[in-house]
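Keep in mind that this is a model prediction, so the values were computed, not measured.
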Amino acid sequence: MGGCVALQFAADHPTRTAGLALLDTTAWYGPTAPADWEQRACKARDEGLASLTAFQQTRWFSDAFRQARPDVVQACIDCFLANDLDGYMAACRMLGAFDGRGLLARIAVPTLVLVGEEDYAAPVAMAQALHAGIAGSTLEVVPATRHLTPLEVPELVADRLASLCAKSFAAPRGAPRP
């Protein structure tokens, strides 16, 4: 969700955006997204958020990370379970409806697109579409990680964000592309 919000903000407020990091995200979840996300919202409503945790864990983290860092996995589960149900359902519906493909050509700041090689929540193909649509962006596929790369490989992500910041503040901010 953060990537969708960041993408929309960068397109709508180009003079307030110095750089953009799109981590494990997409501009569009595809033609079945509204129904897919509605199904997830209804499952949470009907069976509770706990009914989604097994599914979420495997989407969020690689098998190796889940085995090596059960403390981090549990902290994420606890955070997920603390969600307000109505808020979670609204977020699902927003993600299902979001289509930011038309925004990509308007992004005119240094942009990093980073995705876990095994991310099946926002797969590599979705990251490639972001990269193809944002002129001058860089794409990095992180081996053996899934959807929460900042938690699986925090040092790598911090390094890439620091590099993006250096690039972003060195580049002049301008008007959006037509």
- Message: Between Leu20 and Leu112, does the side-chain contact (heavy atoms from CB on, under 4.5 Å) criterion hold? Intermediate values first, please.
- Response: CA-CA 6 Å; Leu20 181 61; Leu112 166 66; over 6 Å; no
- With side-chain contact (heavy atoms from CB on, under 4.5 Å) as the test, would you mind laying out the steps for Leu52 and Lys43 before giving the verdict? CA-CA 8 Å; Leu52 297 169; Lys43 182 174 175 85; 3.5 Å; yes
- Task: Test Thr26 against Phe98 for side-chain contact (heavy atoms from CB on, under 4.5 Å), laying out the working first.
- Result: CA-CA 10 Å; Thr26 186; Phe98 185 76; over 6 Å; no
- Check the pair Cys92, Tyr88 against side-chain contact (heavy atoms from CB on, under 4.5 Å), reporting the backbone distance first and the verdict last. CA-CA 6 Å; Cys92 286; Tyr88 177 78; 3.4 Å; yes
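Within the 4.5 Å cutoff, side-chain heavy atoms of Trp60 are placed close to those of Ile77. The side-chain heavy atoms of Cys42 and Glu38, taken from C-beta on, include a pair separated by under 4.5 Å. Leu164 has its side chain within reach of Pro110: a pair of non-hydrogen atoms, C-beta onward, lies under 4.5 Å apart. For the pair Gln56/Arg40, a side-chain contact is recorded, criterion being any heavy-atom separation below 4.5 Å from C-beta on. Side-chain contact between Phe9 and Arg16: present, with at least one pair of heavy atoms (C-beta onward) separated by less than 4.5 Å. Two residues are said to be in side-chain contact when any heavy atoms from C-beta on lie closer than 4.5 Å; Thr138 and Lys167 meet this criterion. Residues Val113 and Glu140 form no side-chain contact, since every pair of their non-hydrogen atoms from C-beta on lies 4.5 Å or further apart. For the pair Leu22 and His131, the minimum side-chain heavy-atom distance is 4.5 Å or more.
Two different hydrophobic clusters hold Leu148 and Val142 under the rule that ILVMFWY side chains link at heavy-atom gaps under 4.5 Å. Residues Val73 and Tyr120 are members of separate hydrophobic clusters, defined by side-chain heavy-atom contacts under 4.5 angstrom among Ile, Leu, Val, Met, Phe, Trp and Tyr. In this structure, Val115 is not a member of the same hydrophobic cluster as Val153, with clusters built from ILVMFWY side-chain heavy atoms closer than 4.5 Å.
Ring pair Tyr29/Trp37: centre-to-centre distance below 6.0 Å.
A donor-acceptor contact shorter than 3.5 Å is absent between the side chain of Asp46 and the backbone of Gly48. Checked by atom type and distance alone, the side chain of Arg66 pairs as donor or acceptor with a backbone atom of Phe61 at under 3.5 Å. Counting only distance, with no hydrogens or angles, the side chain of Asp24 and the backbone of Thr149 share a donor-acceptor pair below 3.5 Å.
Heavy-atom neighbours of Glu117 CD from other residues, nucleotides or ligands within 6.0 Å: above the threshold of 12.
The pair Glu152-Arg146 does not meet the salt-bridge criterion, since no charged nitrogen lies less than 4.0 angstrom from a carboxylate oxygen. Ion pairing between Asp12 and Arg106 holds under the 4.0 Å rule for side-chain N and carboxylate O.
For the residue pair Val109 and Thr111, the shortest heavy atom distance occurs at O-OG1, 2.9 Å.
At a cut-off of 3.5 Å, with distance as the only test, a side-chain donor of His147 or Asp119 sits close to an acceptor on the other residue. Looking at Gln74 and Asp78, their side chains do bring a donor and an acceptor atom within 3.5 Å of each other.
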